[in-house]
4 protein chains.
Amino acid sequence: MHKKLISAALKNYALYGYHGATMKKIADEVGIKPASIYFFYKNKEELFIAAFQQLLDRHFQKMESIFHENQDKPVKQIFTEMIHGIVSHHTGDMQGTDAYISLVTSPIDEISQYLHQHMQRYNNWLVDTLQSSLRKSYPQITDAEMNRIIKQFVLIGNGVFWGIKLYKGKDFEEQVVLAIQILESLFDELNEKYVSTNKP
Amino acid sequence: MHKKLISAALKNYALYGYHGATMKKIADEVGIKPASIYFFYKNKEELFIAAFQQLLDRHFQKMESIFHENQDKPVKQIFTEMIHGIVSHHTGDMQGTDAYISLVTSPIDEISQYLHQHMQRYNNWLVDTLQSSLRKSYPQITDAEMNRIIKQFVLIGNGVFWGIKLYKGKDFEEQVVLAIQILESLFDELNEKYVSTNKP
Amino acid sequence: MHKKLISAALKNYALYGYHGATMKKIADEVGIKPASIYFFYKNKEELFIAAFQQLLDRHFQKMESIFHENQDKPVKQIFTEMIHGIVSHHTGDMQGTDAYISLVTSPIDEISQYLHQHMQRYNNWLVDTLQSSLRKSYPQITDAEMNRIIKQFVLIGNGVFWGIKLYKGKDFEEQVVLAIQILESLFDELNEKYVSTNKP
Amino acid sequence: MHKKLISAALKNYALYGYHGATMKKIADEVGIKPASIYFFYKNKEELFIAAFQQLLDRHFQKMESIFHENQDKPVKQIFTEMIHGIVSHHTGDMQGTDAYISLVTSPIDEISQYLHQHMQRYNNWLVDTLQSSLRKSYPQITDAEMNRIIKQFVLIGNGVFWGIKLYKGKDFEEQVVLAIQILESLFDELNEKYVSTNKP
DNA sequence: TATGAATGAGATTTCATTCAT
DNA sequence: AATGAATGAAATCTCATTCAT
């Protein structure tokens, strides 16, 4: 029931925002009465804190698992697979995506703080992880250049992410293709610098 | 008073969402009583529809004026200036930006429709405008290539836009710099292809 | 404008009752703004008192004029013409009729009192008037018998009146016919008693 | 509580009309808070629809029971007892009577429709019932004559009913007496026609 | 576990009324 | 003669929450 309530809470949050997601709507969704929710959660705020934590934890876990599935492939492919991973994670759970977007503009303090922590943690993990992957393929790469390419990757990832809400169908697929093309040209530049001597 | 009410509505929408932006909060903000709002707008929904229309119209107008200020400059600069324009428009009106983000997940039908129309109109204008700028500098450019570079520009713009909510200060400035670097490399490729006279 | 306001007030009273007849609805009906009503009437209560007075006065005047048009005809015909008069007065002004019905259940003190006075005055006039008509045709009629026939006439008139709201078209017309048949048999009885010697 | 609410709703409707019968007044009457009414009825309209249905159903049931108590008596007495029944039903529940009168001018669609259905049903039942009673006592009576006497009975009943609101005390009692006198003379006529054996 | 009944607080909206213009 | 702007009061209704069962 905890799981079902969190899921219903997120769905309603995505649709109507915090104040629009009422205990009644959530209760209806899981087939109980509003009063019953209080058996599982102290109040509305606690329910939503639990829901948001789950949302962000799941996002983190998904990104980790995508990385682990691809960590032995060539770096470029790791990067492109992560783009695909972001896309499939979010398009496959539109309600979670909407909730995530709404979170970013949320004014509730406890939420904002947790979101900020999550961002920090996610970013650190991403940078650490991608740095080691890059270093493996380009041993002489400078820290600055690593940072640059990782941040550009994130920038492109963000562009694709926001596109999820702006484009549908073919239009969105095209965005993904174009994002990966950019990524590839970034790696082409890297290759020219660090691996040109490899091709005799 | 209409203007003040719309402004207050947007601010509160950005902060608390549709259901959290109460008529009382909005009235307090402009120094009248909640009942008085109904002299200017039939109900809450109509107030917000007016507010959202203004928000989107302003966004469009801002983009147009940025373009017109730069239309005689070299293409590459037009593109980079538009990135700067997007950034300054949104960072200078954070409340409007938050409102815009929330709009994207809004379930209110009339809003969603108007948003969709706006997107269509904005996109068409952007493509038309940038195409003619590109054609002037690269007369032999193919339609496909024009489309590609414009869409990649949009993708990068979206990445920068979403970054506004994720990064602050130096971190965000770095994102803009990196975005422009990507844009520049895209134009470098174009130049290689079409500005053959550069290579004597 | 006074006339138009009273008319609009009555119409809305008939439709929605006192509390449902809002100053806005009344103002809309006559094409002015609610604030303007206060130029003509001190407040809602005064407007309605004026309206109800007019309603009852008109009713009284109508009955008087019906009587005067028929006062030289045979008594029986006077009685039947008055039934027709009641019918045509009320069916021709359904909104006034509804207002009149609602008045009867109205809890507003000033109204109830005025209504009661009107009833008294109307009843007295009716009895006086019909008595002298009856006396002219049946000189030996007792006061008791006069009273009886007048009250039965009123009873039948009330039955027809209430039927206005219960029946439509043919069904209502039939009620009128049946009412007049009853009246006629009442007069047949009178004739047997007082004018049998007239038929040699 | 449902019963108490309906009763309070009818009382306040009779007193103040639909718009004057506020949820607060009704709640006060039954000793709860206005918000609590919404636990039992979705909104004001549904409460009143339930109340009106009960009002009309009770009226119908009362008339049926009056008939059943008297069905074995002579026809004439059935008719006069029903007049007495109408009177005692309505004078004994003045609030219900006022509510009933107000209903007749109600503009609320769902109410009007239900009222119309009730009228139809009540009328059909009345005609059917009285026809069989008449046929028992006057086997040779024509359908036309039966219809006539039933409709005249209804007409007189309506006159008495409307008199409830116009006369008090002795004056009203006199109306009932006069009504029954009329009924009796109607039956006298019937007897003359069909009970020829009375005149040896 | 779950709910029926209830409520205080507050949200949206309506309404009669005022007042300066 | 009429209205735009405003408001206090109140009406309808919603909502998070409580508590006894």
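First the proteins, then the strands, lettered A, B, ... as listed; each starts at 1.
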request  = Check the distance between dT13(E)'s P and Phe39(B)'s CZ and give it to me in whole angstrom.
outcome  = 17 Å
query = Just how far, in rounded Å, is P of dA11(E) from CG of Leu47(B)?
reply = 16 Å
query = Can Lys44(D) be said to sit on top of Tyr18(D)'s aromatic six-ring, NZ or CZ under 6.0 Å from centre and within 45° of the ring axis?
reply = yes
task = Using both distances under 3.5 Å as the test, list the Watson-Crick or G-U wobble partner of dA11(F), or none.
result = dT12(E)
query = For DNA chain E, whose closest nucleotide is more 5', that of Ile37(D) or that of Tyr18(B)?
reply = Ile37(D)
Nucleotide paired to dA2(E) in any strand shown, Watson-Crick or G-U, under 3.5 Å = dT21(F)
note = Taken to the nearest whole Å, NE2/His19(A) to P/dA9(E) is 19 Å
ask   = Tell me: CD of Glu46(B) to C1' of dT13(E), nearest whole Å?
value = 14 Å
query = Between Trp162(D) and Trp162(C), how do the two ring planes meet: parallel, tilted or perpendicular, split at 30° and 60°?
reply = parallel
ask   = Which comes earlier along DNA chain F counting from the 5' end, the contact point of Ile32(B) or that of Lys33(C), where each point is its nearest nucleotide?
value = Lys33(C)
task = Round to the nearest Å and state the distance from Tyr41(B) atom OH to dT12(E) atom P.
result = 16 Å
message = Tell me the interatomic distance from Lys42(B), atom NZ, to dT13(E), atom C1', rounded to whole angstroms.
response = 12 Å
ask   = Taking all non-hydrogen atoms of both residues, which atom of Met1(A) and which atom of Val30(A) are closest, and how far apart?
value = SD-CG2, 4.2 Å
task = Anything under 4.0 Å to a heavy atom of chain D counts; send over the first and last such nucleotide of DNA chain F, read 5' to 3'.
result = dA11(F) to dT14(F)
remark   = Ranking Gly31(B) and Ala35(A) by the position along DNA chain F of their nearest nucleotide, the one closer to 5' is Gly31(B)
query = More 5' along DNA chain E: Lys44(C) or Lys44(B), using each one's nearest nucleotide?
reply = Lys44(B)
ask   = Using purine N1 to pyrimidine N3 plus N6-O4 or O6-N4 for Watson-Crick, or N1-O2 and O6-N3 for G-U wobble, both under 3.5 Å, which nucleotide pairs with dT7(E)?
value = dA16(F)
inquiry  = What is the distance, to the nearest angstrom, from the OH atom on Tyr38(D) to the P atom on dG10(E)?
reply    = 19 Å
key: Near-ring test Tyr13(C)/Tyr100(C), centroid separation under 6.0 angstrom   = no
key: Residues in side chain to side chain donor-acceptor pair (under 3.5 Å) contact with Asp93(C), at least two apart in sequence or another chain   = none
request  = Report yes if at least one side-chain N or O of Ser36(A) is closer than 4.0 Å to OP1 or OP2 of dT1(E); otherwise report no.
outcome  = no
task = Kindly assign one of parallel, tilted or perpendicular to the pair Tyr16(A) and His19(B), based on the angle between their ring planes and the thresholds 30° and 60°.
result = perpendicular
query = In whole angstroms, how far is the C1' atom of dA16(E) from the CG atom of Asn12(C)?
reply = 15 Å
task = Quick one: sort the Phe52(B) and Phe48(B) rings into parallel, tilted or perpendicular, breaks at 30° and 60°.
result = tilted
